[in-house]
Amino acid sequence: MMNAPAAERNKDPILSVLKSRVKSDRHGNALEISSGTGQHVVHFANALPNITWQPSEFDGQSLTSIEAYRQHYRLPNVKPAIYLDASESWENWAGIQPESCDLIVNINMMHISPLACTKGLFNGVGKILKPQGLLLIYGPYAVNGTISPQSNVDFDHSLRSRNPEWGLRDIGFLTSLSQDNGLRLEEIVDMPANNKCLLFRKDTVV
């Protein structure tokens with residue numbers, strides 16, 4: 001059971017956003033893409049028992065940690081984690097069916113992964129999210145080409161020095177990408193530590 005301090009800090013603020021936007025009186029299916037340690041999924045599942053949660057990861061060590069959290073908490077609404085590479089086509093996402101998810105969550109992945117993962121995520125979400133389903137992504141972002149405050153500028157430089165394919169993504173770019181895949185940016189929620197939650201809705205196909 002790995003422990004990420006950032007996940008410990010942000011799990012309650014993100015949960016507050018989820019609870020205010022996810023109906024508590026009906027069952028739903030949620031996919032967390034890039035679940036990390038597993039701290040988020042068990043926290044969310046415990047607070048939202050009407051939602052069945054599917055954690056996923058690319059990293060083997062993280063998959064082991066997620067399973068350890070699942071075994072420790074034994075929540076009936078957390079499925080065993082699946083291997084998922086967001087840069088691959090959604091058809092390779094462990095058999096997840098089209099329009100099968102009411103909610104998809106992605107926390108702190110986009111800035112520490114190649115751009116192909118972000119593009120693949122939006123493409124896949126556009127296929128597997130139900131009409132009117134919700135995508136929540138969380139992390140630090142650029143706004144209209146500008147990164148602020150200075151701590152986020154420094155963070156972006158640090159990321160790009162470690163891997164040129166990493167770095168903060170611009171909300172304008174993500175909005176355009178979402179629109180290309182049948183989603184629309186519904187809301188931007190400012191979060192602690194200069195992060196944001198971006199909420200995207202899949203419109204019903206007319």
In terms of hydrophobic clusters joined by side-chain contacts under 4.5 Å, are [X] and [Y] together?
| X | Y | result |
| --- | --- | --- |
| L174 | L103 | no |
| V189 | L198 | no |
| W90 | I137 | yes |
| F173 | I188 | yes |
| I51 | L75 | yes |

- CD/Q150: more than 12 non-hydrogen atoms of other groups inside 6.0 Å: yes
[X] [atom1] to [Y] [atom2] distance, which is reported to the nearest 0.5 Å:
| X | Y | atom1 | atom2 | result |
| --- | --- | --- | --- | --- |
| E67 | S62 | CD | OG | 13.5 Å |
| N152 | T146 | CG | OG1 | 12.0 Å |
| S20 | E187 | OG | CD | 7.5 Å |

Does the side chain of [X] reach to within under 4.5 Å of the side chain of [Y], using non-hydrogen atoms?
| X | Y | answer |
| --- | --- | --- |
| L135 | K202 | no |
| L134 | L199 | yes |
| L15 | L48 | yes |
| E57 | S34 | yes |
| R184 | T175 | no |
| D154 | S158 | no |
| L18 | L136 | yes |
| L31 | S56 | yes |

- For Y141, what residues pass the ring-ring contact (aromatic ring centres under 6.0 Å, His included) criterion, not counting sequence neighbours? none
- Item | Counterpart residues, ring-ring contact (aromatic ring centres under 6.0 Å, His included), relative to Y73 (two or more places apart) | none
Any residue meeting salt bridge (charged side-chain N to carboxylate O under 4.0 Å, His left out) with [X], in chain and number order, not counting sequence neighbours:
| X | result |
| --- | --- |
| R162 | none |
| K196 | D190 |
| K19 | none |
| R160 | D156 |

Applying side chain to side chain donor-acceptor pair (under 3.5 Å), name anything that partners [X], two or more places apart in sequence or on another chain.
| X | answer |
| --- | --- |
| R74 | Q71 |
| R169 | none |
| Y69 | none |

Extract all donor-acceptor atom pairs below 3.5 Å that involve side chains of residues 78-87 and protein atoms in other chains or at least two apart in sequence.
{"from": "D85", "atom 1": "OD1", "to": "S87", "atom 2": "N", "distance (Å)": "3.0"}
{"from": "D85", "atom 1": "OD1", "to": "S87", "atom 2": "OG", "distance (Å)": "2.7"}
{"from": "D85", "atom 1": "OD2", "to": "S87", "atom 2": "OG", "distance (Å)": "3.4"}

- Can you pull the ring-ring contact (aromatic ring centres under 6.0 Å, His included) pairs that have at least one residue in residues 8-44, sequence neighbours excluded? H40-F44, F44-W53
Side chains of residues 104-129: which donor-acceptor pairs under 3.5 Å do they make with residues two or more places apart or in other chains?
{"from": "N106", "atom 1": "ND2", "to": "I33", "atom 2": "O", "distance (Å)": "2.8"}
{"from": "S113", "atom 1": "OG", "to": "M109", "atom 2": "O", "distance (Å)": "2.9"}
{"from": "N123", "atom 1": "ND2", "to": "N181", "atom 2": "OD1", "distance (Å)": "3.4"}

- Task: For E8 and N3, indicate whether the former's side chain and the latter's backbone hold a donor-acceptor pair under 3.5 Å.
- Result: no
